[in-house]
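Indexing begins at 1, ligand by ligand and atom by atom, following the structure's order.
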Amino acid sequence: MCGIFGCILKNGNAAPIIHAALKRLEYRGYDSVGEATLYNGRLYIKKDQGKIDEAHKIHNLDDLPGNLGVGHTRWATHGAPLEVNAHPHVDCSKQIAVVHNGIIENFAELKLELENRGHVFISKTDTEVIAHLIEENLKTNPSLGLAEAVLEAVGRLDGSYAIAVISTKEPDKIICARNESPLVIGVNENAIYFASDIPAFLPLTNRAVMIEDGELVILSRKGFEIRKIADSGAVSREPKLIDWTSEMAVKKGYPHFMLKEIHEQPACLRNTLRLQEHYLELMATFPDRAREVFLVACGTSYHACLAASYMFSKLAFLATYPVIGSEFVEQHGKSVNIDSTILAVSQSGETADTLAAVNCARQRAATVLGLTNAIGSTLTRVSRVYLGQQSGPEIGVAATKTFTSQLSVLVQLALRLAKKRGKVSQDEMDFLAEKLEKLPDTVETIIRGQEEKVKQIAKKYKDAKTFFFLGRGVSTATAYEGRLKLMEIAYVPAIAFPAGESKHGPISLVEHGFPVVFICPKDETRKTLMSNIMEMKARGASIIAVIEEGDEEIKKLADDYVEVPKGIPEVLSPIPFVVPLQLLAYYMAVERGHNPDTPRNLAKSVTVK
Ligand code: M6R
């Protein structure tokens with residue numbers, strides 16, 4: 001998730017305005033920053049790795065000439081967070097500059113094709129192909145205008161993008177286009193702006209035009225013109241007045257980042273489905289040939305590992321061992337060896353306990369693989385192969401969207417391993433791939449349809465002293481995660497365990513009205529889970545069930561229930577089933593008067609052991 005911004009001013013220099021707007025977008029990523037302006041028929045660029053203030057100190061970002069320009073603040077997805085990968089990216093002749101937020105899935109094919117035509121690439125980014133594609137279009141058809149050349153170029157892109165293009169060929173225009181990445185236009189009497197998000201231009205104007213997927217916009221001193229990418233047809237849309245404060249705008253109108261991030265999950269999941277095939281394939285080779293595979297992480301990321309251990313076992317018939325980061329050295333430090341593979345999962349890539357486990361494994365010559373949301377983090381530097389989970393920055397301390405993204409990547413890895421090991425029939429693979437594709441929509445349906453219901457459940461149980469969270473099989477991981485969310489932000493002591501364990505001790509806590517949350521996908525564990533529900537009910541527990549839509553049997557047993565759409569395969573179930581639990585924790589925290597974004601005593605990234 002990067003931030004893009006640009007403007008055409010009637011008077012004055014664009015660079016300081018771009019710089020200030022990028023600062024307001026820095027929450028979208030801060031791996032590198034860059035600006036490009038046009039002046040007297042020339043393209044001027046300043047860019048560097050690191051945060052905006054650091055780059056400004058070195059380069060003075062305000063010191064670019066011209067009243068038209070574009071800027072970018074980066075959250076690295078393809079290519080390390082280095083100066084060479086910082087946007088804007090240019091074509092061979094350095095006449096075209098592009099800024100981009102999103103992921104171009106087919107960039108490797110396009111790059112190869114363009115290289116065969118003589119284009120020379122400088123960066124490792126997916127974005128650079130766009131500049132060269134436009135250059136190629138203009139070269140093969142010199143009568144094309146810049147907008148037409150961009151239109152043709154975006155027609156070749158698979159994936160998500162919000163882009164802005166400037167060129168010395170038409171130095172009075174900025175061409176923008178959008179597919180599945182946010183883009184909004186701002187207007188006032190003196191200028192026209194584009195941005196990833198309204199906060200970027202809110203101090204300058206409150207008149208905004210939302211650009212939709214499949215649209216291209218031509219910005220000029222005269223105003224803006226929207227066209228459909230598919231057929232170049234004109235679209236007419238008037239600016240809307242935005243009455244948000246700057247703080248509300250950063251949270252996109254949500255009261256807290258956590259709720260915003262819960263709602264961002266469908267979009268994040270769509271991004272995780274755009275993993276580069278060859279990285280996935282490469283990553284899968286190591287667990288396939290290892291003697292033992294450890295899945296190492298802390299907190300929420302550990303729960304993703306726990307779920308993954310079921311996925312690897314059920315799909316690839318591969319035993320893996322989920323281990324909590326801080327325990328790894330004690331438990332396996334002496335035995336881990338050259339035949340072991342460690343897959344470390346860490347949103348931040350900086351968690352000290354996880355990195356300590358990784359260091360121990362590396363010292364003993366084990367293979368280290370990484371899954372992280374922070375490209376350029378320590379984990380990416382120490383991993384033999386790493387995958388980026390593509391969730392964008394998460395600001396709420398409680399992990400939500402990063403958890404479901406991790407699960408989505410891990411299940412894709414499990415499927416890849418299953419294919420490699422020939423354990424799952426092609427029909428089943430196709431079936432699971434189809435269901436996986438639909439998960440972003442499924443999660444959207446849950447949020448849209450169940451949020452109000454969860455809010456009412458939170459109201460009802462807001463004074464509960466404690467909770468149980470129970471599941472069986474892969475849903476055990478979902479239960480653990482639901483419990484962690486509730487504890488960490490609503491400060492409700494809660495216990496989670498595999499439902500089968502109840503009768504071995506914990507059930508003694510249950511008395512009348514004791515809330516027990518059951519995770520109930522319709523899988524093979526269902527029959528025994530029903531018995532566990534009845535055991536609890538018989539002792540007076542209040543049953544809150546997360547069920548498949550229309551599961552009448554469990555509805556009859558439950559005091560309250562939340563429904564998720566039907567037909568979700570067991571191995572994918574933690575992704576949709578955890579969403580109501582995230583919402584429950586959020587609304588419980590709000591009901592109890594706590595700020596869910598900043599739970600006491602916790603930090604987003606735990607860099608001490
Ligand atoms: O950055 P990491 O994924 O390594 O962080 C690990 C845990 O600290 C983290 O998942 C924590 O449990 C969550 N923020 C809780 O919501």
Are any of the N/O atoms in A399 less than 3.5 Å from those in ligand 1?
-> yes
Run the numbers for me: atoms of ligand 1, each under 4.0 Å from some heavy atom of A398, listed by number.
-> 16 (O)
Non-neighbouring partners of F317 that pass ring-ring contact (aromatic ring centres under 6.0 Å, His included), sequence neighbours left out | none
Identified side chain to side chain donor-acceptor pair (under 3.5 Å) partner of K401 from the options E264, Q406, Q265 | E264
Could you walk me through whether V492 and R592 pass the side chain to side chain contact (heavy atoms under 4.5 Å, CB included) check?
-> CA-CA 10 Å; V492 183; R592 292 162 72 96; 3.5 Å; yes
Would K485 count as a contact of ligand 1 if the rule is a heavy atom under 4.0 Å away?
-> yes
Quick note on ligand 1: atoms under 4.0 Å from a heavy atom of G299 include exactly 10 (O), 12 (O)
Protein heavy-atom partner closest to atom 2 (P) of ligand 1 - residue, atom, separation in Å | T351 OG1, 3.2 Å
shortest atom 14 (N) of ligand 1-to-protein heavy-atom contact is with V397 O, 2.9 Å
So which heavy atom in the protein is nearest atom 3 (O) of ligand 1, and how far is it from that ligand atom?
-> S301 OG, 2.6 Å
Electrostatic pair R270-E180, nearest N-O below 4.0 angstrom = no
Nearest to atom 6 (C) of ligand 1, what protein heavy atom do you find, and at what distance?
-> C298 O, 3.3 Å
Is a salt bridge present between K420 and E281, judged by a nitrogen-to-oxygen distance below 4.0 Å?
-> yes
Any idea which protein heavy atom is nearest atom 8 (O) of ligand 1, and the distance to it?
-> V606 CG2, 4.0 Å
Quick one: do D53 and K23 make a salt bridge, cutoff under 4.0 Å?
-> yes
With F328 via ring-ring contact (aromatic ring centres under 6.0 Å, His included) - residues at least two apart | F294, H332
Is it true that a side-chain atom of E54 and a backbone atom of K51 form a donor plus acceptor pair closer than 3.5 Å?
-> yes
Who's closest to atom 1 (O) of ligand 1 heavy-atom-wise, of S377, A352, S348, A585?
-> S348
Where on L602 is there a heavy atom closer than 4.0 Å to ligand 1, on the side chain, on the backbone, on both, or on neither?
-> neither
Purely on distance, is any nitrogen or oxygen of T300 under 3.5 Å from one on ligand 1?
-> yes
For residues S340 and E292, report the shortest heavy-atom separation together with the two atoms involved.
-> OG-OE2, 2.7 Å
Ligand 1 N/O within reach of E488 N/O, cut-off under 3.5 Å | yes
